[in-house]
> 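This is the structure, below, for whatever I ask next.
Order of appearance sets the numbers: ligands from 1, and atoms from 1 within every ligand. Atoms considered below: every heavy atom in the structure, side chains included; atoms not considered: hydrogens, waters and symmetry mates.
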Amino acid sequence: MAEKIRVTVWSEYILEKEYEHIAAIYPSGIHEAIADIYREEAEFEVRAVTLQMPEQGLSQEILSQTDVLLWYGHMVHEQVEDEIVERIKKRVWEGMGLLLLHSSAQSKVFDRILGTTGEVRWREIGEKERVWVIDRSHPIVQGLPMYFDIPHSEMYGEPFEIPAPEELIFISWFAGGDVLRSGCCYHRGAGKVFYFGPGHEEYPIYYQKEIRQVMKNAVRWAAPGRGVQVSFGKTDALEEVEIFSPR
Ligand code: ZN
């Protein structure tokens with residue numbers, strides 16, 4: 001059998017402890033519920049970590065044993081230490097995949113790796129979100145219908161302060177009339193990055209079957225391939241070249 005994809009799920013793990021209605025949906029924390037998506041398949045090896053753990057859950061050792069990192073931040077983006085953010089960025093450049101979920105658009109990790117604030121317009125009235133597949137040949141949409149509905153969602157709407165997606169996978173429409181580029185792919189160094197909009201913690205979104213399909217597909221897509229060893233900096237000519245110097 002092929003080697004397993006090593007998945008690490010990170011979250012703040014704060015709201016689930018503060019609010020009963022959120023704990024009712026995610027009793028072990030949203031990170032555990034997300035990790036469970038991958039525990040359904042033998043091809044993944046999963047661990048769930050949180051902000052409260054040593055080194056905020058992401059020691060160098062854990063990161064170097066991670067093929068794809070999932071990031072779920074919401075309330076305390078600023079508490080994430082810059083050193084941890086730098087560590088993540090370096091691993092992405094080396095080839096680690098990164099899934100940035102929902103409110104993680106406003107996180108330091110998003111800003112440092114993608115270069116923009118991820119600001120959006122938003123409202124919480126539990127309206128319907130319709131997720132349209134835009135890139136129908138992309139690996140992330142395998143097994144999905146042309147569109148699917150999330151019965152109750154938080155609205156995240158354009159303008160969305162992101163770099164132009166290299167691949168636009170989904171556009172969401174909201175019952176209140178807004179739209180969002182809700183599935184966006186990027187490459188940074190050797191790493192693949194996917195932003196996925198749905199995931200507000202007050203609704204059971206991560207239990208929905210289409211969402212679970214996207215999450216699995218996205219990790220498969222973001223997992224590092226064998227890649228190519230490269231080098232940077234000053235280098236000798238590969239062929240014999242007559243030196244022509246103005247000096
Ligand atoms: Zn939210």
> Should side-chain heavy atoms under 4.5 Å link Ile, Leu, Val, Met, Phe, Trp and Tyr, which residues sit in the same cluster as V241?
none

> Report the protein N/O/S neighbours of the Zn ion (ligand 1) that fall below 2.8 Å; do not count waters.
H102 NE2, E154 OE1, H200 ND1

> Can you list the steps and then say if E32 with R39 is a salt bridge (Lys or Arg N to Asp or Glu O under 4.0 Å)?
CA-CA 10 Å; E32 287 293 342; R39 292 183 181 121; 3.0 Å; yes

> Please write out which residues are connected to F232 in a hydrophobic cluster, directly or through intermediates, given that two of Ile, Leu, Val, Met, Phe, Trp, Tyr count as joined at side-chain heavy-atom separations below 4.5 angstrom.
V228, V230

> If only side-chain N and O atoms count, and only distance matters, is there a donor-acceptor pair under 3.5 Å linking R220 with Q142?
no

> Do the numbers put K17 on top of the ring of Y13, so that NZ or CZ is under 6.0 Å from the six-membered ring centre and no more than 45° off the axis?
yes

> List for me each residue that meets ring-ring contact (aromatic ring centres under 6.0 Å, His included) alongside H138, sequence neighbours excluded, and say none if there are none.
W221

